[in-house]
Asks: 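Here you go, one structure.
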Amino acid sequence: MSSSSTYRNPVLNADWSDPDVVRVGDDFYLTASSFGRAPGLPLLHSRNLVDWTLLGHALDRLEPAETFAAPRHDCGVWAPSIRHHDDRLWIFWGDPDQGIFQVNAPDVQGPWTRPHLVKAGKGLIDPCPLWDEETGEAYLVHAWARSRSGIKNRLTGHRMRPDGTGLLDDGKVIVDADRLPGWFTLEGPKLYRHDGWFWILAPAGSVETGWQGAFRSRDFFGPYEERIVLEQKDTDVNGPHQGGWVRTAAGEDWFLHFQQRGAYGRVVHLQPMRWDPDGWPVLGDDGAPVTEHRRPALPPSAAAPATDDDFPGGRFGPQWSWTANPQDGWALPHTGDGLRLACVRSADAHDPRRLPNVLTQRLPGTPCAVEVELRLDSDGAGARAGLVVLGDAFSWIGLQRGADGAVHLVHRFGETVAEAERDAAHARLAPEGRARLRIEIGPHARCRFHADTGDGFRPSGQVFAATPWRWVGALLGLFAVAPTGEQAAPTGEPAAGTADFTGFRITAW
């Protein structure tokens with residue numbers, strides 16, 4: 001266990017993928033990839049780089065809206081960069097199918113501008129801007145996604161308009177890692193000015209087993225010299241990868257990066273940073289990730305991103321995002337506590353991976369128990385609602401209105417290659433249309449499902465090993481849905497009734 005004077009990694013033990021960080025005065029702000037979920041671009045705050053809270057999001061909806069009306073789990077917002085310039089916060093990101101976007105705001109509370117397309121194109125990812133305070137010039141660097149462009153392992157640099165609205169040239173390859181022996185999958189660049197050099201901190205070698213590199217040049221367009229500054233060595237931190245450098249007001253240097261952890265996604269580590277006599281950064285313990293280290297010389301706190309929710313007035317906290325752009329009427333306000341979801345009619349009711357109306361949050365990276373109480377208020381046969389562990393494979397437990405009019409507790413799953421769900425356990429009656437649902441998540445994201453329909457918690461089905469999406473860790477989700485083709489509900493009522501979720505809790509073991 002860490003003492004009050006030390007911290008232990010990861011400092012954010014959940015899927016805060018591709019983190020970047022900036023300091024504004026005594027405050028630190030972090031953002032991360034949010035892919036196809038909405039709202040996107042999470043905004044986290046800290047006063048000490050170890051203890052973080054989630055304030056909200058910079059992106060209400062993804063654009064164009066029709067493109068993200070259905071789930072696109074691995075698309076959307078990739079690897080953002082956050083910077084402070086001209087008394088504004090700026091976030092740039094790449095959408096691999098559209099191009100490079102930015103939003104900005106006077107402060108973290110907003111209002112944030114609508115997304116502005118800085119450069120259109122396929123496969124443009126991981127952009128990072130730099131405003132050179134000495135010359136007044138602005139620059140942008142980005143990487144490439146081979147899946148869209150046929151190009152990878154190189155970084156392209158541009159001069160940028162100082163107002164961040166566009167680029168001033170066609171770009172030039174400033175680092176071609178095909179020319180560097182042993183380097184592959186160079187991506188995720190972060191651009192800085194320090195000690196008379198242009199610096200690019202960028203990872204390579206793939207997220208599972210790669211390393212963090214540093215590149216420097218006296219001129220933005222190169223040539224750059226390179227060095228590996230962080231790698232696994234004899235630690236258990238595989239592929240320490242892609243993050244941001246930040247300097248405290250007292251002059252301490254720190255580096256935040258991710259580690260790929262399977263179903264848990266990309267968890268965030270904090271590394272000490274110093275400069276060697278030749279002017280190169282040294283990360284961690286002489287280039288190896290630290291497990292425990294002295295805290296930054298900043299005030300400690302007990303902060304952590306929220307997980308629990310009582311849903312006051314039917315509202316949900318910033319830890320939740322939909323799996324696609326939301327529509328009016330999915331979550332219904334009311335006067336009490338509890339999340340009231342409409343049982344939205346869908347031809348994809350049999351597969352929560354395809355549903356846009358799943359309200360999700362990140363799977364915790366440590367063993368825990370997840371609980372929520374559910375009441376199904378629907379007369380429509382087939383209407384269902386539940387608590388789901390969602391990834392390339394899924395498993396959910398919840399309630400469903402049967403053809404016999406009764407409400408049943410059901411537990412279902414779908415394998416990665418399956419096109420529809422199957423029963424994971426025999427259905428049983430839920431006499432009052434209520435159930436307390438529980439998932440115990442053990443080591444290696446192995447999930448055991450339980451439910452209480454009035455006679456205490458009873459286990460359900462087999463152990464389910466959570467799986468990630470291609471780039472995204474597994475998610476916890478709440479949903480309500482009904483198959484199409486049923487009789488319509490009375491005028492003024494949701495199409496197939498509602499489901500109420502109350503007392504959502506995640507308890508660490």
Side-chain angles (χ1 to χ4, degrees), residues 263 307-311 337-341 343 349-352 358-361 363-364 366-378 381-391 393-415 418 420-467 474-482 497-509:
T307 56
D308 297 355
D309 208 336
D310 288 316
F311 308 108
D337 286 350
L339 176 71
R340 181 165 295 165
L341 296 183
C343 294
H350 59 284
D351 190 341
V358 183
L359 194 63
T360 67
Q361 63 169 280
L363 187 76
T366 53
C368 63
V370 182
E371 285 193 22
V372 69
E373 186 164 333
L374 169 62
R375 185 186 79 227
L376 182 63
D377 187 11
S378 171
R384 67 204 66 178
L387 169 64
V388 63
V389 178
L390 187 62
F394 67 88
S395 187
W396 68 274
I397 193 165
L399 300 174
Q400 178 172 318
R401 179 73 67 177
D404 59 0
V407 175
H408 300 266
L409 178 81
V410 297
H411 179 192
R412 303 222 171 92
F413 77 102
E415 300 165 274
E421 62 190 10
R422 296 168 51 199
D423 285 327
H426 294 294
R428 66 179 195 254
L429 284 174
E432 299 180 0
R434 294 175 177 267
R436 186 79 184 163
L437 310 174
R438 178 181 175 93
I439 305 174
E440 296 177 355
I441 305 172
H444 309 293
R446 292 171 64 83
C447 304
R448 293 184 178 272
F449 290 72
H450 302 73
D452 176 4
T453 57
D455 53 357
F457 276 109
R458 293 161 57 184
S460 178
Q462 309 301 318
V463 172
F464 171 76
T467 63
L475 300 166
L476 296 170
L478 305 175
F479 71 95
V481 70
T498 59
D500 283 15
F501 296 87
T502 54
F504 183 91
R505 297 289 183 271
I506 298 180
T507 306
W509 286 1

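Note that the coordinates shown come from a computational prediction; the quantities given were computed from them, not determined experimentally.
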Asks: Under the side chain to side chain contact (heavy atoms under 4.5 Å, CB included) rule, what do Trp396 and Leu390 come out as? Steps first, then yes or no, please.
Replies: CA-CA 8 Å; Trp396 68 274; Leu390 187 62; over 6 Å; no
Asks: Using the side chain to side chain contact (heavy atoms under 4.5 Å, CB included) rule, take Leu437 and Leu409 through it: C-alpha gap first, then chi angles, then the decisive distance, then the call.
Replies: CA-CA 10 Å; Leu437 310 174; Leu409 178 81; 4.1 Å; yes
Asks: Can you name the closest pair of heavy atoms from Ala474 and Thr467 and give their distance?
Replies: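 Scanning both residues, the minimum pair turns out to be CB-O, 3.5 Å.
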Asks: Using distance only, find each side-chain donor-acceptor pair of residues 453-463 under 3.5 Å and give its atom names and separation, not counting sequence neighbours.
Replies:
residue, atom, partner, partner atom, Å
Asp455, OD2, Arg458, NH1, 3.2
Ser460, OG, His411, ND1, 2.8

Asks: Quick check for you: to the nearest 0.5 Å, what is the distance between Ile439 atom CD1 and Leu387 atom CG?
Replies: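 CG of Leu387 is found 3.5 Å from CD1 of Ile439.
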Asks: For Ser378, is there any backbone N or O sitting under 3.5 Å from a side-chain donor or acceptor partner on Arg401?
Replies: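 Present.
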Asks: Out of curiosity, Leu339 CG to Asp500 CG, how far, rounded to the nearest 0.5 Å?
Replies: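 Going from the CG atom of Leu339 to the CG atom of Asp500 covers 8.0 Å.
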Asks: Does a salt bridge link Glu373 with Arg375, judged by any charged N lying under 4.0 Å from a carboxylate O?
Replies: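 Answer for the salt bridge query: no.
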Asks: Any salt bridge between Asp377 and Arg434, counting N to O under 4.0 Å?
Replies: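 Here Asp377 does not pair with Arg434 in a salt bridge, since their nearest N and O are not under 4.0 Å apart.
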Asks: Around Arg436, counting heavy atoms of other residues, nucleotides and ligands shown, do more than 12 lie under 6.0 Å from its CZ?
Replies: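 Check passes, neighbour count above 12.
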Asks: Could you report the tightest heavy-atom contact between His408 and Ala427, atom names first, then the distance?
Replies: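 Looking at all heavy atoms of both residues, the closest pair is CB-CB, 4.3 Å.
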Asks: Taking the side chain as every heavy atom from C-beta outward, state whether Thr502 and Val372 have any atom pair closer than 4.5 Å.
Replies: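 Contact flag for Thr502/Val372 side chains = no.
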Asks: Can you name the closest pair of heavy atoms from Glu421 and Pro352 and give their distance?
Replies: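 In this case the closest contact between Glu421 and Pro352 is OE1-CD, 4.4 Å.
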Asks: For Arg412, does its backbone N or O pair with a side-chain atom of Ser395 as donor and acceptor, under 3.5 Å?
Replies: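 Looks like yes, one N/O pair under 3.5 Å.
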Asks: Locate the shortest heavy-atom distance separating Leu374 from Ala499; write the atom from each residue and the value.
Replies: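 That would be CD1-CB, 3.9 Å.
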Asks: Do Glu440 and Thr507 make a side-chain contact, defined as non-hydrogen atoms from C-beta onward lying under 4.5 Å apart?
Replies: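 They are not in contact (no side-chain heavy atoms under 4.5 Å apart), so the answer is no.
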Asks: Go through it in stages, so that I can follow the logic: the residues are Gln361 and Leu475, the test is side chain to side chain contact (heavy atoms under 4.5 Å, CB included), and I'd like the CA-CA distance, side-chain angles, deciding distance and then a yes or no.
Replies: CA-CA 6 Å; Gln361 63 169 280; Leu475 300 166; over 6 Å; no
Asks: With side chains defined as the heavy atoms from C-beta onward, is the minimum distance between Leu476 and Ile506 less than 4.5 Å?
Replies: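 In contact.
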Asks: Between Cys447 and Ala466, which heavy-atom pair has the shortest distance, and what is it?
Replies: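 Scanning both residues, the minimum pair turns out to be SG-CB, 4.3 Å.
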Asks: What distance do Asp310 atom CG and Phe504 atom CZ have between them, rounded to the nearest 0.5 Å?
Replies: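 Separation between the atoms: 11.5 Å.
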Asks: Is any side-chain heavy atom of Val389 less than 4.5 Å from a side-chain heavy atom of Phe449?
Replies: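 Heavy-atom side-chain distance check passes, below 4.5 Å.
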Asks: To check you understand the geometry: which heavy-atom pair defines the closest contact between Ala369 and Arg438, and what is its length?
Replies: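 For Ala369 versus Arg438, the nearest heavy atoms are CB-NH2, 3.4 Å.
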Asks: Rounded at 0.5 Å granularity, tell me how far CZ in Arg505 sits from SG in Cys368.
Replies: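 Arg505 CZ to Cys368 SG: 14.0 Å, rounded to 0.5 Å.
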Asks: Checking Leu399 against Val410 for the side chain to side chain contact (heavy atoms under 4.5 Å, CB included) test, could you report, in this order, the C-alpha distance in whole Å, the side-chain angles of both residues, the deciding distance, and whether it holds?
Replies: CA-CA 6 Å; Leu399 300 174; Val410 297; over 6 Å; no
Asks: Can you find a heavy atom in the side chain of Ile441 that is under 4.5 Å from one in the side chain of Trp509?
Replies: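 Answer no - side chains too far apart.
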Asks: For residues Arg340 and Phe311, determine if any side-chain heavy atom of one lies less than 4.5 Å from a side-chain heavy atom of the other.
Replies: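 They are not in contact (no side-chain heavy atoms under 4.5 Å apart), so the answer is no.
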